[in-house]
Colleague: 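I'd like to ask you about the structure that follows.
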Amino acid sequence: MDATKSAKSQYDEGCLHCGAELTQQEGQGRIRRFCNGDHGAAYRRRMRALGFPV
């Protein structure tokens with residue numbers, strides 16, 4: 001990672017659940033990691049089932 005740029009502009013991974021490509025919006029705010037809220041819930045449910053403290 002380049003410390004002179006925002007982390008948001010350098011995030012190029014896809015949705016953590018399905019792998020779909022995500023587009024990050026410029027400006028402040030958190031990094032988008034899921035294509036929709038249902039995928040976020042399913043990812044967290046799966047990680048909890050595997051024993052991770054999510």
Side-chain angles (χ1 to χ4, degrees):
M1 284 194 87
D2 186 359
T4 61
K5 298 177 183 173
S6 70
K8 193 175 185 183
S9 66
Q10 298 179 54
Y11 187 80
D12 58 354
E13 297 179 18
C15 174
L16 295 176
H17 182 71
C18 67
E21 187 162 332
L22 299 172
T23 55
Q24 302 292 333
Q25 294 182 354
E26 292 295 323
Q28 294 180 333
R30 69 178 80 176
I31 295 173
R32 189 168 180 214
R33 299 185 188 270
F34 302 102
C35 51
N36 62 41
D38 291 337
H39 282 188
Y43 175 82
R44 288 186 293 276
R45 186 180 315 115
R46 185 177 76 230
M47 295 304 282
R48 281 193 303 269
L50 293 173
F52 291 94
V54 180

Colleague: Name every donor-acceptor pair, under 3.5 Å, that has one atom in a side chain of residues 38-54 and the other anywhere in the protein, sequence neighbours excluded.
Modeller:
residue : atom : partner : partner atom : Å
Arg44   : NH1  : Gly40   : O            : 3.3

Colleague: Would you tabulate the side-chain donor-acceptor contacts of residues 17-34 under 3.5 Å, counting partners in other chains and residues two or more places apart, or write 'none'?
Modeller:
residue : atom : partner : partner atom : Å
Gln24   : OE1  : Arg32   : N            : 3.0
Gln24   : NE2  : Arg32   : O            : 2.9
Arg32   : NH2  : Cys35   : O            : 3.0

Colleague: Using side chain to side chain donor-acceptor pair (under 3.5 Å) as the criterion, list what pairs up with Thr4, not counting sequence neighbours.
Modeller: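 For Thr4, the residues satisfying side chain to side chain donor-acceptor pair (under 3.5 Å) (neighbours in sequence not counted) are Asp2.
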